[in-house]
Number of protein chains: 2
Amino acid sequence: MFSKACEYGIRAAVYVALQSLEGRRVSVNEIAEEIDSPVAFTAKILQQLTRSKVIHSVKGPTGGFEIERTDMDTVKLSMIVHAIDGDNIYVGCGLGLKECNAKKPCPLHDKFVAIRTDLKKMLESTSLYELATGLEVGLTYLKR
Amino acid sequence: MFSKACEYGIRAAVYVALQSLEGRRVSVNEIAEEIDSPVAFTAKILQQLTRSKVIHSVKGPTGGFEIERTDMDTVKLSMIVHAIDGDNIYVGCGLGLKECNAKKPCPLHDKFVAIRTDLKKMLESTSLYELATGLEVGLTYLKR
DNA sequence: TATAATTCGGACAAAATTATCCTTTATTTT
DNA sequence: AAAATAAAGGATAATTTTGTCCGAATTATA
């Protein structure tokens with residue numbers, strides 16, 4: 001569904017949010033360690049998330065990644081996915097046809113659009129805060 | 001969503017079904033031409049579909065690919081996807097965690113499972129015949 | 001029986017994705 | 001000011017996916 005990069009990106013963002021709720025700023029090394037991802041690759045992904053304003057980075061000693069409490073509400077899963085995978089998930093025909101639309105639909109068009117609309121709704125309505133708080137309360141898990 | 005190979009595979013299978021409804025057996029060249037896909041790569045995919053009994057192949061002159069009318073009903077989209085992409089779509093955590101299940105769910109678990117269940121239902125309930133007949137009647141399109 | 005048409009199968013090539021390494025830049029602390 | 005720490009960025013490598021090529025096997029037809 002998501003690319004590996006996107007999976008790491010979501011996990012990383014959720015971890016940053018969780019730690020920011022505790023008032024902690026976290027380093028790439030800690031993030032990669034905690035979400036069980038390759039460090040250098042994760043660093044690249046964090047750069048993308050920083051450039052697209054999903055999280056915030058600070059250089060130098062005591063630096064690292066963080067996200068403000070209010071941003072945890074405005075940042076939706078859809079933004080993270082878009083920052084890393086672009087609009088691949090939203091755009092295009094399920095069967096890979098260039099010209100596929102309501103007027104000239106592929107055989108799977110309607111059924112595919114239905115699923116994708118649900119996915120889109122889900123991504124657009126799920127905030128980083130929502131994901132982080134489940135972890136905080138111990139309802140959900142990120143490691144392994 | 002699906003891999004390129006899978007997209008080609010579905011389009012190819014639907015085209016074979018459509019032509020079989022007309023009593024025609026079709027060659028790799030014709031299929032690739034009609035569904036606008038790379039010939040040699042399509043040949044590989046047709047081999048997979050043949051091995052997994054989604055379609056039937058005949059060697060030699062007048063040979064080609066075909067599918068029996070009754071099989072168009074039993075062959076569901078899910079079988080094609082499984083033959084080419086394996087169980088990637090069905091199995092595994094949305095965030096790529098190895099251990100993610102109802103007991104120890106990742107933060108996205110429930111929402112992800114919901115979407116995937118819908119996708120699964122759609123794939124398992126959509127037959128090749130259904131896809132082919134839309135084309136036949138001119139309601140849907142495969143080219144381009 | 002020879003020829004031609006077709007799928008099958010293996011080896012290879014190109015492109016995209018995933019992943020690593022190392023240097024530079026910014027910033028805090030000593 | 002120097003040293004140390006952490007992100008940023010560029011170059012490169014490994015792996016997977018996508019795609020090509022070519023010879024072998026099969027079979028209908030002349």
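Note on naming: letters A, B, ... go to the chains in the order of the sequence lines (proteins, then strands), and numbering restarts at 1 for each one.
Of the two residues near DNA chain D, B/Thr62 and B/Asn88, the one whose nearest nucleotide lies more 5' is B/Asn88. Along DNA chain C, the nucleotide closest to A/Pro61 and the one closest to A/Lys4 are compared, and the more 5′ of them pairs with A/Lys4. The residue among A/Lys59 and A/Cys6 whose nearest nucleotide of DNA chain C lies closer to the 5′ end is A/Cys6. Comparing B/Gly60 and B/Ser3 along DNA chain D, the residue whose closest nucleotide (by nearest heavy atom) sits nearer the 5' end is B/Ser3.
B/Ile84 has its CD1 atom 10 Å from the P atom of D/dT18, to the nearest Å. To the nearest angstrom, C1' of D/dG9 lies 13 Å from CD of A/Gln48. One can place CZ of B/Arg25 at 17 Å from P of D/dT26, the figure rounded to the nearest angstrom. Look at CG on A/Leu49: it is 16 Å from C1' on D/dG9, rounded to the nearest Å. Atom CZ of A/Phe65 and atom P of D/dT5 are 18 Å apart (whole Å). The nearest whole Å value for the distance from the CZ atom in B/Phe41 to the P atom in D/dT16 is 16 Å. Protein atom CD of A/Glu66 is 13 Å distant from nucleotide atom C1' of D/dA7, rounded to whole Å.
Applying the ring pair (Phe, Tyr, Trp, His ring centres under 6.0 Å) test to residues at least two apart or on different chains, the pairs with a partner in residues 23-53 of chain A are A/Tyr8-A/Phe41.
Proximity of B/Leu18 to B/Glu136: side-chain heavy atoms (C-beta onward) are separated by under 4.5 Å at one or more points. Residues B/Ile67 and B/His56 have side chains not in contact (no heavy-atom distance under 4.5 Å, counting atoms from C-beta outward). When side chains are defined from C-beta on, B/Met72 counts as touching B/Ser20, because their heavy atoms get closer than 4.5 Å.
Between B/Lys53 and B/Asp71 there is no salt bridge, since no side-chain nitrogen of the basic residue lies less than 4.0 Å from a carboxylate oxygen of the acidic one. Taking a cutoff of 4.0 Å between a charged side-chain nitrogen and a carboxylate oxygen, B/Lys76 and B/Glu124 do not qualify as a salt bridge.
Contact annotation: B/Tyr8 reaches the phosphate of D/dG19 (side-chain N/O to OP1 or OP2, under 4.0 Å). Here A/Gln47 reaches the OP1 or OP2 of D/dG9: one of its side-chain N or O atoms lies under 4.0 Å away.
Bracketed by its first and final contacts, the part of DNA chain C lying under 4.0 Å from non-hydrogen atoms of chain B reaches from C/dA4 to C/dA11 in 5' to 3' order.
With 3.5 Å as the limit, one finds no donor-acceptor pair spanning the side chains of A/Tyr141 and B/Glu99.
Picking from D/dG9, D/dA7, D/dC21 the nucleotide with the shortest atom distance to the side chain of A/Lys44 gives D/dG9.
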